[in-house]
Amino acid sequence: MTLELVSSARVFAGEQRIYRHQSAETGTMMRFSAFVPAQAAAGPVPVLWFLSGLTCTEENFTVKAGAQRVASELGLVVIAPDTSPRGEGVAGDPAGSWDFGLGAGFYVDATQAPFDRHYRMRSYVERELPALVGARLPVDMTRQGICGHSMGGHGALTIALRNPGRFRSVSAFAPIVAPSQVPWGEKAFGGYLGAERAAWRAHDACALIEDGARVGELLVDQGLADPFLATQLRPELLEAACARAGIALTLRRQAGFDHSYYFIASFIEDHLRWHAARMG
């Protein structure tokens, strides 16, 4: 598979790159960012996947989170993919809303037309992109962590729960923990997966835990000034599910913080160090 380097910039002791490639899963060109630390010149290093939220591309986390300084110190490759397929012929929301369609792939493989043709973000993020990165970049695929924000937090949690043992560390910022029970998720799952709610459970972190999926521990940060807290995010549902399942959840409720990248930038260092300590 051809991997094209779109841009590269020196940052701290590492290199921030943007790549693009033709995806077999989505049938489109896909882009992702890759921070590569100086330590990678001596051999493969741990890799942290960061999944972004609604409306985002690979650039939002890369430009706004400020992760490169600490990732450079810790020797982590950080990969941030796009959030949906894009390009000519890719269906968007006919109503033109921002929370469905382009930029809102929800990390599922759509089964409903016209989205089933290109919206295969589960397979892209779980299989195709890791295979490509593992083959072409200096990463140690035995030392992986995954993190995400909002819709991407949902993606990080569900991917980790569906793939036990793949990730040494899992964390999230303001994740959608139970999309089957909130408006964003109901809209996305109904449009991508159809009306049968049983098909939604494999894409819902709380439902996966209820059905027996497990990870060793979780770190979640949630801003208490987040306007989506009560209606869309509902961290108390994850807290209850983890308590019943015996999953060690560190849920930090951060007073005064909203849903923005100012929130992520404030705590990204904590998450990077938490992942690095577990990835070795």
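Here the structure is a predicted model, which means the values were calculated and not measured.
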Can the ring centroids of [X] and [Y] be said to lie less than 6.0 angstrom from one another?
X	Y	result
H154	F106	yes
Y119	Y192	yes
F100	F115	yes
H21	Y124	yes
F257	Y262	no

Could you check whether [X] pairs with [Y] (Lys NZ or Arg NE/NH1/NH2 to Asp/Glu carboxylate O, under 4.0 Å)?
X	Y	value
E73	R273	yes
E239	R253	yes
R122	D109	no
R201	D204	no
K64	E59	no
E25	R127	yes
R162	E126	yes

Between [X] and [Y]: side-chain donor-acceptor atoms closer than 3.5 Å:
X	Y	result
Q254	Q222	no
D116	Q112	no
S33	E58	no
R120	S123	yes
D82	T57	no
T2	Q22	no

State, to 0.1 Å, how close A245 and R214 come at their nearest heavy-atom pair, and which atoms those are. CB-CZ, 3.3 Å

Heavy-atom closest contact (L161 atom, A213 atom, distance): O-CB, 3.6 Å

What orientation do W98 and W184 show, parallel under 30°, tilted 30 to 60°, or perpendicular over 60°? perpendicular

Take the angle between the ring planes of F173 and F50 and call it parallel below 30°, perpendicular above 60°, tilted in between. tilted

Carefully, step by step, assess H149 and S52 under the rule side chain to side chain donor-acceptor pair (under 3.5 Å). CA-CA 5 Å; H149 171 229; S52 294; over 6 Å; no

Within the 4.5 Å heavy-atom criterion, are M30 and R86 side-chain neighbours or not? no

